[in-house]
Amino acid sequence: MKCSFSFGFLLILVLPLILASAQDGKYERAAYHDNYEGAVQKDQDYEGQYQDQEKGPAKYDQNYEKERTPAQNDQHYDQEEQDYHVPSLEISTLLDNLPSDDLLSIGYYSKSCPKAESIINKHVTKWVEEDRTLAASLLRLHFHDCAVHGCDGSILLNHEGSERTAEASKSLRGFEVIDAIKAEMEKECPRTVSCADILTAASRDATVLLGGPYWDVPYGRKDGKVSIDKDAELVPMGRENITTLIEFYQSSGLNVLDLVVLSGAHTIGRATCGSLQYRLYNYAGTGRQDESLDYRYANFLKRKCRWASEYVDLDATTPRTFDNVYYKNLQDKMGLLHTDQSLYSDSRTSPIVDALADAPSDFFNHQFAVSMTKLGNILVPAVQDGGEIRTKCYSVNSNY
């Protein structure tokens with residue numbers, strides 16, 4: 001039986017483990033992007049069967065009607081145990097995560113384009129007010145960009161064989177938001193603000209509009225000139241085990257805390273039913289559903305996901321609120337994607353899930369801002385050295 005601790009005692013027990021990010025030199029990339037989608041679709045098959053229960057799928061059923069919105073602009077919509085070296089207790093800050101070689105800086109555009117941030121914020125606010133689902137989509141788009149060649153805007157390039165045309169990118173959205181921002185930016189300060197910087201700041205502003213934290217974005221990224229579809233296919237898609245995720249992301253400057261914290265972006269957004277149906281029927285050839293799913297939640301998903309093209313909330317309890325309830329859902333065996341629930345079944349990540357679930361939401365918000373800053377600071381020196389400031393985010397300058 002799980003014991004109940006005060007948050008203060010929890011910090012003493014768990015935070016030295018969690019905050020290994022302040023000193024550990026090994027890193028693992030966060031998997032928050034897996035099948036992430038902000039599109040919302042009306043559920044004609046809603047059944048309110050579990051209204052007398054206080055949590056789990058019952059609460060999902062209760063909240064689903066009042067929190068959903070019509071869909072708009074959809075394009076398509078094991079583990080190894082590891083011993084931890086426990087460092088001294090040291091809370092990382094946003095400034096700790098600036099690149100050591102000074103490639104980026106907070107005031108980078110203060111003189112060359114002082115209105116840059118206001119232009120980005122104006123457009124993101126306008127688009128999200130018209131379609132709230134785009135906020136979650138911008139977060140996912142930013143992750144997919146940084147996951148290949150670092151944060152260089154390569155996901156935005158739209159040509160035959162680019163990352164954007166890959167099968168793994170078919171459900172990405174928000175390109176039109178970045179294009180609109182870039183169009184005004186070129187009028188205000190031509191060839192000055194990179195598309196990579198625009199996308200990074202747009203994901204921050206989208207997070208704030210969802211009720212999440214604000215953080216200062218350092219600027220100075222260059223736009224890459226290379227975008228290859230096969231590279232996008234390397235991005236994990238939701239079925240990987242934790243070891244695979246750790247190995248894939250280890251070289252990108254993010255650690256196990258970032259993995260769990262950035263997965264918390266699944267507190268909002270939706271996924272396609274096609275990405276999880278294999279968990280509901282004949283899982284791993286057993287003839288049964290995935291036993292790591294709460295059976296009531298699995299039954300709800302079977303009703304909801306009769307068609308692979310349907311969408312379902314990533315957070316079964318508070319899908320339109322940016323909070324730490326995502327982690328409580330994992331404790332209740334209600335992680336929608338395999339990679340979500342695996343965070344609670346793997347000994348390397350489950351203590352962090354417990355800490356984030358039991359801590360105040362403000363703690364999660366702070367850590368999310370720190371990890372998002374680190375994500376946005378992933379740079380490949382060769383790409384930066386050979387990069388440019390695109391005038392159109394969907395094409396390299398040599399095409400004009």
Side-chain angles (χ1 to χ4, degrees), residues 1-7 10 13-14 18 31-32 34-36 43 46-68 78-79 238-239 241-242 259-271 273 275-280 283 288-305 311-361 363-364 367-368:
M1 178 178 297
K2 183 180 176 181
C3 297
S4 175
F5 298 99
S6 69
F7 177 56
L10 181 67
L13 289 179
V14 182
I18 297 178
Y32 80 84
D34 302 320
N35 292 295
Y36 191 88
D43 179 11
Y46 170 77
E47 303 173 37
Q49 293 185 5
Y50 302 108
Q51 302 296 322
D52 58 336
Q53 303 186 36
E54 295 181 357
K55 62 192 298 186
K59 190 170 183 180
Y60 184 12
D61 285 350
Q62 289 175 334
N63 291 335
Y64 187 74
E65 281 291 339
K66 68 180 181 181
E67 294 195 353
R68 65 188 180 177
D78 59 270
Q79 292 104 2
R239 298 194 183 194
N241 59 43
I242 299 300
L259 167 64
V260 182
V261 169
L262 292 180
S263 295
H266 283 173
T267 180
I268 41 87
R270 293 165 73 85
C273 286
S275 65
L276 59 102
Q277 283 180 328
Y278 75 102
R279 300 186 69 196
L280 305 178
Y283 179 70
R288 301 184 299 274
Q289 67 191 35
D290 184 352
E291 293 184 357
S292 68
L293 274 175
D294 176 86
Y295 78 94
R296 294 165 299 175
Y297 184 44
N299 287 339
F300 174 87
L301 293 175
K302 288 177 182 177
R303 299 196 312 272
K304 175 66 180 171
C305 289
Y311 292 88
V312 62
D313 293 314
L314 288 160
D315 181 340
T317 309
T318 57
R320 297 193 67 200
T321 304
F322 195 97
D323 55 27
N324 65 340
V325 174
Y326 162 82
Y327 300 103
K328 301 178 190 295
N329 292 338
L330 301 187
Q331 293 176 324
D332 293 333
K333 301 176 69 173
M334 293 170 60
L336 184 68
L337 303 177
H338 171 76
T339 45
D340 289 327
Q341 195 57 51
S342 292
L343 294 174
Y344 200 56
S345 60
D346 191 288
S347 61
R348 292 165 291 184
T349 51
S350 58
I352 305 176
V353 171
D354 282 332
L356 291 170
D358 297 339
S361 285
F363 179 74
F364 164 60
Q367 288 301 141
F368 189 80

Exercise for review: Would you please name every residue forming a side-chain hydrogen bond (donor to acceptor under 3.5 Å, both in side chains) with Gln289, sequence neighbours left out?
Suggested key: Lys302
List the atom of [X], the atom of [Y], and the distance in Å for their closest heavy-atom pair.
X      : Y      : result
Tyr278 : Gly238 : OH-O, 4.0 Å
Leu336 : Asp313 : CD2-O, 3.5 Å
Leu280 : Ala298 : CD2-O, 4.1 Å
Asn324 : Ser361 : OD1-OG, 3.0 Å
Val261 : Phe364 : O-CE1, 3.7 Å

Which distance, rounded to the nearest 0.5 Å, do you find between the [atom1] of [X] and the [atom2] of [Y]?
X      : Y      : atom1 : atom2 : answer
Leu301 : Leu276 : CG    : CG    : 6.0 Å
Lys328 : Met334 : NZ    : CE    : 13.0 Å
Leu314 : Ser275 : CG    : OG    : 8.0 Å
Gln331 : Ser350 : CD    : OG    : 10.0 Å
Tyr344 : Asp332 : OH    : CG    : 8.5 Å

Check your understanding: Quick one: salt bridge (Lys or Arg N to Asp or Glu O under 4.0 Å) partners of Asp290, sequence neighbours excluded?
Key -> Arg279
Exercise for review: State, without any angle test, whether Thr317 and Asn329 hold a side-chain donor-acceptor pair at a distance under 3.5 Å.
Suggested key: yes
Would you say the side chain of [Y] lies within less than 4.5 Å of the side chain of [X], judging by non-hydrogen atoms?
X      : Y      : value
Leu330 : Gln341 : yes
Asp315 : Thr321 : no
Asp346 : Asn241 : no

Study note, to complete from the structure: side-chain contact (heavy atoms from CB on, under 4.5 Å) test vs Tyr326 passes for just one of Thr267, Ile268, Thr318, namely Thr267
